[in-house]
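Encoded as structure tokens, the structure appears first; notes follow it.
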Amino acid sequence: MTLRRLILARLLDLLVVLVCVSIIVFFMIRLIPGDAVAIMLGANTEVTPERIAELRARIGLDQPILVQYAGWVGKALAGDFGTSLWTGRPVIQEIGAHVWPTLQLTVLSLIIGAGLAVPTGVLMARLRGRFADGAMRVVTVAGLTIPSFWLGIVMILALATFAPSVQALGYVPFSQDPVGNITRLVLPAFALALPILANLSRLVRSAMLDSLGQDYIRTARAKGASERSVMYKHALRNALIPFITSVGIMTGYLLGGAIVVEQVFAIPGLGRLILGAIAERNYPLLQATILVVTCGFVVVNFVVDLLYLAIDPRVRA
Amino acid sequence: MRDLLRHRLLLFAALFVAVQGLMAVFATWVAPYDPLQQNVIARLKGPSAAHWLGTDQFGRDILSRIIHGWQASLAVSLGAVLSALLVGGTLGLVAAYYRGWTDRIVMRAMDVLFAFPVLLLAIGIVAVLGPRSSTAAVAIGIVYIPIFARLLRGPALVICESDYVTGARAIGAGDGRIIFLHVLPNLASVVLVQTSLLLSAAILVEASLSFLGLGTQPPTPSLGLMLSEGRNVLMISPWSAIFSGFAILLLAFGLTLLGDALRDTLDPRLRGTP
């Protein structure tokens with residue numbers, strides 16, 4: 001198969017997955033036991049049949065289900081997810097107002113986790129022996145399983161005890177105060193990144209150990225390449241493919257984990273939006289947020305897939 | 001079995017998990033206090049001889065709540081992972097055995113479920129079904145179905161090609177008999193390793209959901225809930241938050257280490273892979 005046909009096939013896959021995701025998200029809300037409309041109304045107004053009928057008509061619940069779905073998707077594609085039931089603001093604006101902190105947190109965590117994983121993994125590949133193996137395993141497994149929200153709380157506690165003057169909670173936009181923005185995000189990003197760091201450095205280590213035994217490494221050494229060049233130029237390249245695939249999957253973990261870590265550090269991101277929507281039973285907002293985040297994740301994995309095609313010539317063969 | 005136990009790491013991990021598991025199962029007898037018993041006088045106390053890990057904002061014994069919290073965590077996670085194994089595993093086996101359209105449709109459905117970020121989908125499901133520990137279990141179970149399906153399909157494809165499956169078919173064994181009697185037993189090591197690893201991940205997801213108020217509801221002792229309650233009194237008395245989070249870590253750590261060690265022991269080719 002040529003590269004172009006492969007890319008087209010992946011694109012088709014992407015479309016099918018996106019359509020199915022939208023169907024699931026659309027019908028999820030309909031599984032709510034009882035009358036969702038009455039529940040939505042019940043939170044702050046008196047529930048009367050007229051009000052229910054009025055809201056039903058407003059959301060379009062009085063139409064056939066396929067018509068509803070088509071209308072919903074059509075509007076969503078144009079960026080129209082309706083208006084938030086409580087604030088009256090367009091849902092897309094609500095999402096836009098909350099998406100940046102989460103995006104920034106996710107990207108920063110990815111940079112910290114993936115960036116530190118390479119040197120850590122290379123270092124770990126150099127350490128051999130029974131004791132080092134055992135110690136590294138225990139440390140990486142601990143890193144993998146530390147609850148990031150707990151780590152965040154412990155960090156806040158430590159900071160409040162040892163450096164009470166440092167402001168670690170909340171969020172300020174980068175455009176307003178770049179230094180304050182970064183200093184507030186570093187701790188949550190690190191808490192979120194630790195499991196990724198542990199996972200990826202293990203991956204780098206095992207791929208390095210794998211390739212260090214290969215003939216081409218011996219050849220590189222024989223031609224007099226420096227140890228540094230052998231490690232980073234020859235052995236590490238082998239680790240790149242599983243590394244990039246994992247980074248794609250990690251994005252999903254990060255987007256989910258960010259929801260929790262944001263709560264710990266009082267960051268007004270998508271996590272706050274989603275939890276607020278659940279608490280207020282603001283289902284259209286919840287629906288739209290889940291759809292947007294999931295589509296973002298699907299597209300990231302699609303890009304990773306394409307990268308994979310670009311890097312590994314074997315996939316194309 | 002003796003062969004397995006020769007490995008020290010595996011032995012250590014198994015013991016580590018077994019101790020916590022037994023304490024969880026026999027929580028009522030192991031815990032020094034009733035986890036719900038309030039004591040207004042002894043509120044927010046640090047560790048002492050009477051309360052080894054201190055008391056929370058209602059004067060409840062933190063150690064007792066942690067032991068009962070382990071029970072709640074394990075119950076939700078085990079229920080979720082075993083259901084996911086049953087449903088996802090069966091789907092993966094069926095896809096591998098019948099191939100063709102069955103395979104394509106089943107695995108495409110799994111791809112779609114897999115397209116959601118794990119915690120986000122779990123949160124969405126809990127939001128729809130209502131926050132309870134049982135719905136948290138259902139949510140985690142659904143999220144893990146595609147993972148088991150994918151994990152079992154790959155190796156099952158290889159086994160379905162083998163001579164003994166062809167042989168079984170030749171002597172007239174039925175599909176169900178072949179799948180569950182001839183294919184499944186050969187996947188035992190994959191199942192064992194992944195169940196342990198995913199159980200560890202499920203513990204963390206359950207704790208996250210409870211932390212967000214979307215899992216186990218008060219006053220039932222739950223580690224995630226304790227952490228979130230402890231956070232409110234963090235600067236006055238950090239013990240509840242510190243110890244409950246550490247208890248989550250211990251449980252998840254033991255299970256991941258166990259899965260890791262099992263993988264090394266059962267499949268030496270995979271040694272050291274993450």
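No experiment lies behind these values; they were computed from the predicted model shown. A note on names: the letters A, B, ... follow the listed sequences, proteins ahead of strands, and every chain is numbered from 1.
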Within a strict 4.5 Å, meaning less than it, do heavy atoms of the A/L291 and A/F26 side chains meet?
-> no
Turns out that what part of A/L286 lies under 4.5 Å from chain B's heavy atoms comes down to side chain
Taking the side chain as every heavy atom from C-beta outward, state whether B/V81 and B/F148 have any pair of such atoms under 4.5 Å apart.
-> yes
Heavy-atom contact with chain B under 4.5 Å, split by part of A/A142 | both
Chain B: which of A/I278, A/T289, A/L157, A/I146 shares the most heavy-atom pairs with it under 4.5 Å?
-> A/L157
When only pairs under 4.5 Å are counted, which of B/L255, B/I125, B/L121, B/L119 shares the most heavy-atom pairs with chain A?
-> B/L119
Please name all residues satisfying ring pair (Phe, Tyr, Trp, His ring centres under 6.0 Å) with A/F297, sequence neighbours left out, ordered by chain then number.
-> none
Exercise: do A/S201 and A/T120 side chains pair donor with acceptor under 3.5 Å | no
B/L198 and B/Y144 have their tightest heavy-atom pair at O-CE1, 3.7 Å
Pair count under 4.5 Å, heavy atoms only, with chain B: among A/L151, A/D13, A/L255, highest is A/D13
Can you tell me if B/R263 uses its side chain to pair, donor with acceptor, with the backbone of B/V193 under 3.5 Å?
-> no
What part of A/I249 is in contact with chain B, defined as an atom under 4.5 angstrom from a non-hydrogen atom: side chain, backbone, both or neither?
-> neither
Heavy-atom pairs under 4.5 Å with chain B are the metric here; pick the option from A/V260, A/L270, A/V17, A/V154 that has the most.
-> A/V260
B/F16 vs B/F12 aromatic rings, parallel, tilted or perpendicular, using cut-offs 30° and 60°?
-> tilted
Using a heavy-atom cutoff of under 4.5 Å, enumerate the residues of residues 246-253 of chain B that contact chain A, numbered in order, or state 'none'.
-> B/F246, B/I248, B/L249, B/A252, B/F253
CG of B/D103 to CG of B/L157, rounded to nearest 0.5 Å, is 6.5 Å
Under 4.5 Å, counting heavy-atom pairs only, tell me which of A/G252, A/A198, A/P242, A/C295 racks up the most with chain B.
-> A/G252
When the 4.5 angstrom heavy-atom criterion is applied to A/V138 and chain B, the contacting part is both
Chain B heavy atoms under 4.5 Å from A/I153: which part of the residue, side chain, backbone, both or neither?
-> both
Interchain contact, A/I24 with chain B, by part (heavy-atom threshold 4.5 Å) | side chain
Which one, B/V118, B/L214, B/L212, leads in non-hydrogen pairs under 4.5 Å with chain A?
-> B/L212
Between B/G213, B/P238, B/S208, which shows the greatest number of heavy-atom pairs under 4.5 Å with chain A?
-> B/S208
Heavy-atom check, side chain of A/V91 versus side chain of A/Q287, under 4.5 Å = no
Of all heavy-atom pairs linking B/R65 and B/P221, the shortest is O-CB, 3.6 Å
